[in-house]
Amino acid sequence: MSFRKRVYALVQTIPLGKVAGYGHVAAALGSPRAARQVGFALAALPGGTDVPWHRVLRSSGHIAQQGDPGRPLLQRGLLEAEGVVVEQNRVAMDRYGWVFPGGASEMG
DNA sequence: GAGATGACGGGCT
DNA sequence: AAGCCCGCCATCT
């Protein structure tokens, strides 16, 4: 099982209408500093995958850019299609920010 | 085995 | 508050 495979398996656990950050995904995989690789793995995803890659954004809720202006544009449409409100290529991580199970260390 | 790259993330000004 | 720069880790060659 490669790092990328873990990414695909993990993002598939993101519920509809929610989003997550690359760093959060990487951290959930054991490499909180491998945020780049999360995107690297998602970038390798083909068209028509079973992986909800569009539910993965930057740490600030911003949509990433890949050089292809169509990718972030599609992501924006998919998010809105799920009920996620996007403003200026940004979503309210405060409202749609998904948190992976197992690392539930909220206190208070 | 080593070098180069990239859907990121945080600090400074 | 917004923009620029380097470092990080895994993948590809």
Side-chain angles (χ1 to χ4, degrees):
Chain A
M1 187 66 93
S2 302
F3 183 89
R4 310 172 23 162
K5 291 293 195 64
R6 302 193 185 222
V7 178
Y8 304 146
L10 185 61
V11 304
Q12 285 183 354
T13 70
I14 302 175
L16 186 148
K18 291 286 186 182
V19 299
Y22 299 94
H24 295 286
V25 176
L29 295 174
S31 293
R33 293 293 166 219
R36 300 205 84 198
Q37 281 46 257
V38 178
F40 189 84
L42 297 173
L45 279 168
T49 70
D50 301 320
V51 183
W53 57 273
H54 57 264
R55 293 185 194 146
V56 188
L57 317 161
R58 269 242 193 176
S59 187
S60 188
H62 283 111
I63 297 177
Q65 292 179 322
Q66 184 199 104
D68 282 349
R71 209 62 66 195
L73 254 42
L74 177 62
Q75 183 174 26
R76 176 137 56 147
L78 292 169
L79 288 169
E80 293 187 325
E82 294 190 346
V84 179
V85 180
V86 184
E87 289 291 314
Q88 293 202 316
N89 291 14
R90 187 152 100 176
V91 314
M93 292 291 272
D94 184 34
R95 300 166 29 75
Y96 304 104
W98 169 246
V99 54
F100 294 100
S105 47
E106 64 267 33
M107 188 163 285

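All values derive from a computational prediction rather than experimental measurement. A, B, ... follow the sequence lines: proteins, then strands. Residue 1 opens every chain.
Nucleotide C:dC6 holds its P atom 13 Å from the CZ atom of A:R36, rounded to whole Å. Between the C1' atom of B:dA7 and the OH atom of A:Y22 lies a distance of 4 Å, rounded to the nearest Å. Counting to the nearest Å, the P atom of C:dA10 and the CG atom of A:L10 are 15 Å from each other. The separation between A:Y8 atom OH and C:dA10 atom C1' is 12 Å, rounded to whole Å. Taking atom CZ on A:R33 and atom C1' on C:dT11, their separation rounds to 20 Å, with Å as the unit. Rounded to whole Å, atom P of B:dC8 lies 12 Å from atom CG of A:L57. We find that CG of A:L29 is positioned 14 Å from C1' of B:dC8, with the value rounded to whole Å. Computed from coordinates, the A:R71 CZ to B:dA7 P distance equals 11 Å when rounded to whole Å.
Set against B:dC8, C:dC8, C:dT11, the side chain of A:S2 has C:dT11 as its closest nucleotide. The side chain of A:A34 lies closest to C:dC9, out of C:dT11, B:dA7, C:dC9. Listed nucleotides C:dC12, B:dA7, B:dC8 differ in distance to A:W53; the shortest reach to its side chain belongs to B:dA7. For A:F40, taking side-chain heavy atoms from C-beta onward, the closest of the listed nucleotides C:dC8, C:dT11, B:dA7 is C:dT11. Nearest to the side chain of A:S31, among C:dC9, C:dT11, B:dA7, sits C:dC9.
Among the atoms of the strands shown, only primed sugar atoms or phosphate atoms (P, OP1, OP2) are found under 4.0 Å from some heavy atom of A:F3.
The shortest side-chain heavy-atom distance between A:V99 and A:H24 does not fall under the 4.5 Å cut-off. Here the side chains of A:V25 and A:R6 are not in contact, with every heavy-atom distance at 4.5 Å or above. In this structure, the side chains of A:W53 and A:V11 stay at 4.5 Å or more apart for every pair of heavy atoms. Under the 4.5 Å side-chain criterion, counting only non-hydrogen atoms from C-beta, A:Y96 is not in contact with A:V86. At least one side-chain heavy atom of A:L57 sits less than 4.5 Å from a side-chain heavy atom of A:L79.
Proximity of A:R4 to the phosphate of C:dC12: a side-chain N or O atom is located under 4.0 Å from OP1 or OP2.
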